[in-house]
Amino acid sequence: MRHFLTLPCALAVLGALAAGHAAAATPLPDRSLPAASTAPRALGLLVKLKDAPSHEQAAALGITRAGTERLQGVMRASGLAPLKISPNGRAAQRVDFDHVLSAGEAATMAAKLRAQPDVEWVVTNDLERRLALPNDPRFPKTVSTTGQWWLQPVSGSNTNVASDRMRGVPGVQGAWDTTQGSATVTIAILDSGVTTHPDLSAARYWPGRDFVSEIEYANDGDGWDTDPSDPGDWVSQADLSNAAFSGCGVEDSSWHGTTTAGIAAASSNDGTGVAGVNWTSRVLPVRISGKCGATVADIVDGMRWAAGLQVLDGSNNTLPINPHPARVINLSFGGSNDCNAAYQSAINDLAAVNAVVVAPAGNESGKVTRPANCSGVVGVVAVNRDGFKASYSNFGASIQIATVGGDTSQIGAWGGTINDDGLLTISNGGFSTPGTPIYANEFGTSFATPLVSGVLSLMVSVNPNLTTAQMIDGLKRSARPHVTSPVVGACSNSNPGRCICTTSTCGAGLMDAAQALVYAANPTGYTAPNWSSVVIDTPALRTAAAQGQDLPSNGLGNDPGNPPINPPGDDGGGALGFGWLLGLLAAVAALRRTVPA
């Protein structure tokens, strides 16, 4: 699952690079990397008919069956025979068939439906993937006072002293002088669920829900339920004998939801383990992912429920409304396609109730993944602690903000010279079912994203009246300028590795937590500081640059933000070219370093 819909099979080449790392402390068994998998596929379609009432309106009028019959008529006219039709989102329907659809089959069916005059839009119900990089846990990391460098104050000089290379961090400690959060604010973690951990206070968790609808992938014996705990999302070789797993690869459990929750809101100021960005606000776990990933349909319904909106189950029964609506929705999942109508409709509905979605740019050194490329989403680029783009991070014009996400030594030509240790946070040591709580160093835009979600929750703690537009505006207007350098080139498709960000490629700037709270306190009267330009030109950086470019061109053609203008829908290049990505992945392995809790 640590791969993308564009090329899930390519990550299998990382396995050989992970071998041979010996533990200097208590060794942990190897976590297998994904095996080769097949082309993308879809679990049916999502369809919205023209002039369709919302499910809430239809229920009030008693016409839910009539809406289903209308769609059945459209399906018959298209020569399609669905197995089941059920509600999805605000006014769309999920259409399931008796088998998993190949990408080509789903596209053909969608085209037939779009040709019908009663159809407003059709999208495929794709499986979206976790955006974390592959990792190897056998590199131990000793927890120290500097382990959570990403929470340290902003600093920087042109030396090689690691503690003085903090130009990219968001300066969370400065924000804590204003607030450590509010118990009236809720952060929703839409992910794989959560596990118990001494650094996750049960008292701060609202009752969540499980929205994984496919029993084969749910791994808990049923579909939707009220238990958002993470049973593990491993995929075994035996699973692959089931046709439902034809697009998946063998891998161990990720505990992705636990990790993202820890970055945003681990227990803090308690003398134990690590800290999170927000010490006080409540966390709403919403499980949308199981084995192989998360379907668009489940993500959409999970988003809506988390924000306090109505959701109907597969039998047209209304779920109990979430009594603790989240203002911040952290969604560290995505797919390589452009934003679709199902996502955008849900995002618009959330904005109407002043909730904001935060999503990662992705980790392919190329095009921004969805839903980060949707309008009204806070898309996040990962930088390293020096402030320039992390080698793996995607980039493009749809991004709103940049912040640290870790920069592993195993990626790119410069990795061994200017890397950092990743984001130290909580995790779990189990390889299938939940095991011992541990701490881990993580790398990826998936982990930069909850850092932004945590800061947004602090903003709402300061001012609960902020609108979605103001939350996004505040992050952007309060951001520090991107760093510059005389020895590092600008980010582009011809220079997609470690590179200098601009507002055309990595959003408005580097997130500044303290200034974001100043904005939150007075949005209409806020004036940004007169930031001075930061130039990085360390001896280590010159040594790295002397090796040549960090990564070769990704072969995607036009560069985002630079002439010639990209064609419509091109946000920094399309899916990575097969040959280029295989070449990159053959030289890349992201590390996950763990210690027991």
Over all heavy atoms of both residues, which pair between S192 and G257 is shortest? Give the atoms and the distance, please.
OG-N, 2.9 Å
Q148 side chain vs W150 backbone, donor-acceptor pair below 3.5 Å:
no
Output for pair (T468 OG1, M471 CE), nearest 0.5 Å, gives 4.5 Å
Nearest-0.5 Å distance, OG1 of residue T425 to CD1 of residue I263
5.0 Å
Separation between OG1 of T445 and CZ of F395, rounded to the nearest 0.5 Å:
13.0 Å
Measuring only between side-chain heavy atoms, which start at C-beta, is D191 closer than 4.5 Å to R287?
no
Side chains of N428 and T258, donor plus acceptor under 3.5 Å:
no
Tell me if a side-chain donor or acceptor on S201 pairs with a main-chain N or O of S267 at a distance below 3.5 Å.
no
We want to know whether N554 and S365 form a side-chain donor-acceptor pair, criterion being a heavy-atom distance below 3.5 angstrom.
no
Taking the side chain as every heavy atom from C-beta outward, state whether Y205 and I189 have any atom pair closer than 4.5 Å.
no
V286 and A306: which non-hydrogen atoms are nearest, and at how many Å?
CG2-CB, 4.1 Å
Are H197 and Y439 close enough that their ring centres sit under 6.0 Å apart?
yes
Under a 3.5 Å distance rule, please check whether R167 uses its side chain to pair with a backbone N or O of I536 as donor and acceptor.
no
Which heavy atom of K48 sits nearest to which heavy atom of A91, and what is that distance?
CE-CB, 3.9 Å
N/O donor-acceptor pair under 3.5 Å between W305 side chain and P320 backbone:
yes
Identify the two heavy atoms, one from P228 and one from R209, that lie closest to each other, and give their separation to 0.1 Å.
CB-O, 3.6 Å
In short, S332 meets T449 closest at the heavy-atom pair OG-CB, 3.8 Å
Is a donor on one side and an acceptor on the other found under 3.5 Å between the side chain of T408 and the backbone of I411?
no
Is there a side-chain contact between I418 and F388 (heavy atoms, below 4.5 Å)?
yes
Short side-chain to backbone donor-acceptor contact, T505 and T502, under 3.5 Å
yes
Determine whether R370 and N373 make a side-chain contact, defined as any pair of heavy atoms from C-beta on separated by less than 4.5 Å.
yes
For residues 342-354, which side-chain donor-acceptor pairs fall under 3.5 Å, sequence neighbours excluded?
unit_1	atom_1	unit_2	atom_2	d
Y343	OH	E128	OE2	2.9
Q344	OE1	S375	N	3.0
Q344	NE2	N348	OD1	3.1
Q344	NE2	S375	O	2.9
N348	ND2	Q344	O	3.2
D349	OD1	R90	NE	3.2
D349	OD2	R90	NE	3.3
D349	OD2	R304	NH1	2.7

When rounded to the nearest 0.5 Å, the distance separating OG of S281 from CD of Q180 is 10.5 Å
Chi angles and distances behind the side chain to side chain contact (heavy atoms under 4.5 Å, CB included) call for N269, W176
CA-CA 11 Å; N269 199 34; W176 288 338; over 6 Å; no
Does A390 offer a backbone N or O that forms a donor-acceptor pair with the side chain of D407 under 3.5 Å?
no
Contact list for residues 479-490, test side-chain hydrogen bond (donor to acceptor under 3.5 Å, both in side chains), sequence neighbours left out
R480-D512
Side-chain heavy-atom pair T524, N522 within 4.5 angstrom cut-off:
yes
Side-chain donor/acceptor of R282 to backbone N/O of A203, under 3.5 Å:
yes
Would N330 and T260 satisfy side chain to side chain contact (heavy atoms under 4.5 Å, CB included), going step by step from the backbone distance to the final call?
CA-CA 8 Å; N330 189 93; T260 54; 4.3 Å; yes
So, W255 versus T195: side-chain donor-acceptor pair below 3.5 Å or not?
no
What one should report as the nearest heavy-atom pair of V380 and I399 is N-CD1, 3.8 Å
Evaluate the side chain to side chain contact (heavy atoms under 4.5 Å, CB included) criterion for residues I500 and K389: first the C-alpha distance (whole Å), next the side-chain angles of each, then the deciding distance (0.1 Å), finally the verdict.
CA-CA 6 Å; I500 294 298; K389 189 182 79 67; over 6 Å; no
What do the steps show when you test L423 against F443 for side chain to side chain contact (heavy atoms under 4.5 Å, CB included), and what is the final call?
CA-CA 7 Å; L423 306 190; F443 302 86; over 6 Å; no
If you measure from the SG of C501 to the SG of C506, is it under 2.5 Å?
yes
Whether the side chain of S182 engages the backbone of S461 through a donor-acceptor N/O pair (distance < 3.5 Å, no angle test) should be reported.
no
Is it true that a side-chain atom of N441 and a backbone atom of D421 form a donor plus acceptor pair closer than 3.5 Å?
yes
So do the side chains of L475 and Q400 get within less than 4.5 Å of each other, counting heavy atoms only?
no
Sub-4.5 Å side-chain heavy-atom contact between L190 and F333
no
Measure the spacing between CZ of R204 and CG of N278 and express it to the nearest 0.5 Å.
5.5 Å
Would you call K367 and D338 a salt bridge, taking side-chain N to carboxylate O under 4.0 Å as the test?
yes
Nearest 0.5 angstrom please: T295 OG1 to I288 CD1, how far?
8.5 Å
Just so I know, are the side chains of S478 and Y526 near enough to count as touching, which here means a heavy-atom distance under 4.5 Å?
yes
